[in-house]
Structure formats: C-alpha cells, structure tokens
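Presented below is the structure to which this report refers.
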Amino acid sequence: MAFRSPSLAMLACRLALLGGIAVLLLAPWLFDSEGLAVLTQFLTLLVLALMWNLLAGYADIITVGQHAFVGIGAYAFYGFAALAGVNPYAAIPLAALVALVAAVPAMAIVFRLRAAYLAVGTWVVAQVFMLLAGKLPGFGFGSGVSLPIAVAQAFGTDPAGRYTTIYLLALGLAAVTLISTWLLLRSRIGIGLTAMRDNEEAAGALGVNIVRARILCFLWTAPFLGLAGAIITLQNLRISPPASFSIIDWTVFVIFNVVIGGIGTLEGPILGTALFFVLRAYFSDLGTWHLIILGVLSIVVILIEPRGLWGLLRRVLPGDLIPVSHRRAAAAGAVRAAPERFEPQPPA
Amino acid sequence: MADDFAPLLEIAGLSRHFGGLKVIHALDLAVARTEILGILGPNGAGKSTLFNLIAGVLAPSGGAIRYEGRDVTHLRAWDRCRAGIGRTYQIPKPFAHMSVFENVLVAAVHGGGAGIRQARLEAAGVLERTGLSAQHARPAGSLTLLDLKRLELARALAVKPRLLLLDEIAGGLTEAECGTLLDIIVQVHAGGTGIVWIEHVIQALRRACTRLAVLHGGAILADGLPDAVLADPRVKHVYLGT
C-alpha cells in the first residue's frame, strides 16, 4: 500500500489544480462582483509571485523593489488611457512596454550589486521611481488621481460587467504569465536557470552564461509586472504613489507568499498565494493578527523546509505537479539494448 | 593534425594570492592535446586553486593563460567552458534538486552547445558511459559520494571538452571501477582531448598519464615522465615524506 499513496497524493494534487482552474474559468457565473474582485486580486498577486520567484528563486536576484514596475505599469496605463486618449485596451500592453523600457536603466544600476546590496539597491531604485511618479504633472502629484469615468466605462458600462471584464483580463494575464514562465523554464535557458538555482558556480563552470540569464529574467518580469499594475489600476479606479508603488502589497506580501509556498518551484508561488487568500478570508476579522500569523508561518516554514510547503509536499509526491523537468528520451532505451559494450564492470 | 604537439594550454607566470598567502606563484605549465598530464602535490599545494584559475572560477593575481593559442585570462567561466574546457570538482557540486539526467543535460546544452533534442541523446550516452544509467531519474542530491564523482565526470564529458580537468575522481574506487575509469579517460583522450588530472592515487596516474608534474608551494617542483618524476628525490621528500 505504501507505494500507492504517493500516486494517490499526486492524483489529489492534480485534481485540486484542475478544480482550481475550473473554478477560475467558471468564476463569472459562480461569483458575484465582490467574489470576482477578490479573485482578480488573487490572480494579480499570483502574477507578482511567479515573477518574484523567477528572479529570487532561480536567478538569485533577491529584489525588494518589484513594486516599482507595478507602479510604473499603473502610471503608464493612466497616462496612455486618461491623458493621451489612447484606447484603454491598447493602453494595457503599452503599460507593459513602458515597464520593460524602465527596466533597462534600473538593471544597469541593480546589476552592479550583489546579495544584500542588491536588495537594498532595488528598494532604493523603486523608491526613486515612486518619488518621480509623485512629481509628474497630470498624475495628481503626491495624492494621486482617479481614473476618468470614460476610461472605466470602456471596460463595462455597469459595475457588474466591468468586474467581469477586469476579472477576465486578470485571468488571461495569469494564464499567459504561468504558461510562458513554464515554457521558459522548459527551454534551454530554463535548464540553465534551474541549474543556477541549485549551484551557481557549477552552472557557470558547465557553460551557463549567468550574467545573460540574470538580464533575461530581469527584463522578462518587468512587462508582466507592468500588466499587473494596469489591471490593479483598473480595479482600484485610481493611481497614487503610495498605493500604486506599495512595497507592502506588491513586494512584501509577495515575498511571504513565495517563501511559504516554496521558492524555486513553479507550484510554490501558486500554493503560497492561494494560502494567503484563504488565510486572509478567514482571519481578516482579526485585523493585524492575520499578518502576524503570516509572518510566524513563514519563519516556521523556513526553519522546517527551506523549499516551503511545496517542498514538504514534494517529499511525498513522486514528481512535479507542473512538470518542468526533462526525462531521459526513449532513444536511451535503444542504447541500453546493447549493454555489454557500455555497462560498467561490476565491482570486484 | 599538424598542431598536435602545439600547446593546448599555456600558463605563464600565473599567480594567485589570497592576502599575503601565495597559493599559486609564478607558475609556468604547458599541456599538449596529446597528453594526459597527472598533477601530484601535497594537500594545500594549490592544485584545486590551479584548476579554478584555468576554468575561470577565480581571477589570477598575475600571469596569463592561453588556450588553443588564444588569451583566455579574462574570459568568464562559461565562455571558457563553451570554448571546450571541461572540469570536475574535487568536492562535487551537483544540482541537487535536478535529476542525474538533467545534471548532464545542463552541461550538454550549455557547455556542449547542443539543442535540447540532440543534448538528450548525448546525455543518455554519457550516463551509459559513466555507469550512471540506472540512476538517471534520481535527484542528484540523493547520490552516494562515489556516484557524485561519477556525475562530475559525466557532466564534464557532456561539455565535449577539448581540455578536460579532472580533480581527484579516482579516490575510493575499487580496482575494477578504477579500471573502468581509466578506460574512459584513455578513450576520451584518444578522441583528441588533452587531459590534466589531479590525483592522489598514484597507481592510477602511473597507468594513464603520459607525463607527471608535482606541484609544491604554488609552483611546479618536478615535471617529466611518470617514472622519472616519481623517482625524483625531491618529489619523494615533499610528497611521499621520505
């Protein structure tokens, strides 16, 4: 029986994942506007978690400044949709583009630093972006500004329709983020990133261009963070430096979620973000307590299993839930068919 | 080939100092493609530091390294690997959460420059060759030390090196396993790869190497045919303690 339970556990995890996907796909029919708003928040935080995990979990870029790109996306979306009069739907990808462009000078600063200095450096860069956003004319300066009604109504004339549209945009973004990140990790670059995650020096010595991989990851995350920023703006219907560039909401919680769920895996950020929303739903009445519980939980998880809750589950499970790994090709069996030529000699 | 005897690797005046400690000091060494050069030396002689300098993990304090006639002194580790310098680590550095197969795949894809499809075949072949096929699906972190050393060799071979740096891979092997290892090394060498092999198992070096060098105090103390070097009184003094 013992050998059957891992595959049963796997089946349970697969069913949970499929069930989750089904609920997300059917959500517009299952939930009211309030429920959809919570799910939209979940999906945007999931995108942020997947991106932070790619940077910190694989490329060893422990950033504490990813809220910068969320804020830049938010401000760019507002700028295009409300000030420049661009079609609001077209303003969303333009926000991603601006985030990508902003990542280039940020990278030049950030990549001169390593480890703790890098963390401090990313935070400083993010704060600078936030302060600059507060100086922009037309964006309401330090107190921010609401989205014009016309822009909001482009996504639905009644609030219920708008909530559904924004939810579907968030769902699309999360799906694209997850699938493209999965494809990235499956690619030859991803094999190198996974190797870097496990041992950076050995990865470099075996030919993985670590600098190029880091640059790619940094530039990869920026547009997704920008898109998340645009969707967050749509949902909140306003921008402001402290909210759009919120380090607590878009970086600190995200770090908690990834660490609790399991850093350096694709499943960890999903699990961690889902858990965060469950905890918040049940413990939000307790106010600050739910944050204290979150903090204690993250410390406990790190002490028990550095690879998070997914790392704990992975001890029982026979494989990855979302398979990133490469298995030996079937052709290897053909080589094995002629063993006497290649088999090592048995120990004497 | 006409340049068979031209140096594959040329090291001139190489130094690496850690603070006041001169681990490698004014070291000169040349290795041809036709050679299997064994490197002996007491603990702390600077053997692994020498490999880290050749592989590009450490930057030298002075001197130059030329590989295939080109100055690689300031090339990054991955560029040197892509240029054909493969190395193993004395203390294995596996990708612990990746499978044994994927560990080798990383080297075949990045160091060897193969596409994934091609690299998969190469990786499976290298696992056969190094006796790791049965372990292909296991996480590398769960291997025994001996298998980790095999994995070090497998990854270095998957790079398809033209210069192979082996750092103490024969320790702890049985007679038969050591025989298999020597077969692999001779076979790789016959394929046109120059080999530099740091090892304490003198019998293994004696059987495989075309030349021996003894490293002592960060410089080459003796260099020549294996039997002549092992018979050198200075070598006996510093290395064998007699």
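Because the structure is predicted, anything quoted here is derived from the model rather than measured. So that the names make sense, note that chain A is the first sequence line, chain B the second, and so on, each numbered from 1.
Looking only at distances, no side-chain donor or acceptor of B:K93 sits under 3.5 Å from a matching main-chain atom of A:E200. Side-chain N or O atoms of B:Y67 include one that pairs as donor or acceptor with a backbone N or O of B:A83 at under 3.5 Å. Under a 3.5 Å cut-off, the side chain of B:T88 and the backbone N or O of B:E152 do not form any donor-acceptor pair. At distances below 3.5 Å, not a single donor-acceptor pair connects side-chain atoms of B:K47 with backbone N or O atoms of B:L40. B:T193 contributes no side-chain N or O that, together with a main-chain N or O of B:H189, makes up a donor-acceptor pair within less than 3.5 Å.
Put simply, of B:E102, B:R117, B:R87, the one with the most heavy-atom pairs under 4.5 Å next to chain A is B:E102. Per-residue heavy-atom pair counts under 4.5 Å with chain B were compared for A:M196, A:H326, A:R197, and the maximum is reached by A:H326. For the options A:V324, A:V208, A:T194, heavy-atom pairs under 4.5 Å to chain B are most numerous at A:V208.
B:V106 touches chain A through backbone and side chain together, each having a heavy atom under 4.5 Å away. Looking at A:R314, there are no atoms closer than 4.5 Å to chain B (heavy atoms on both sides), in backbone or side chain. Using a 4.5 Å cut-off between heavy atoms, B:P94 touches chain A through its backbone atoms (N, CA, C, O) alone. With a threshold of 4.5 angstrom between heavy atoms, B:V109 approaches chain A through its backbone and through its side chain. Contacts of B:A107 with chain A are made by both backbone and side-chain atoms, with heavy-atom separations under 4.5 Å. With a 4.5 angstrom heavy-atom cutoff, B:R76 touches chain A only via side-chain atoms.
Below 30°, between 30° and 60°, or above 60°: for B:F101 and B:H136 the angle between ring planes is above 60°, a perpendicular geometry.
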Trace of the side chain to side chain contact (heavy atoms under 4.5 Å, CB included) decision for B:V196 with B:L166: CA-CA 6 Å; B:V196 183; B:L166 301 173; over 6 Å; no
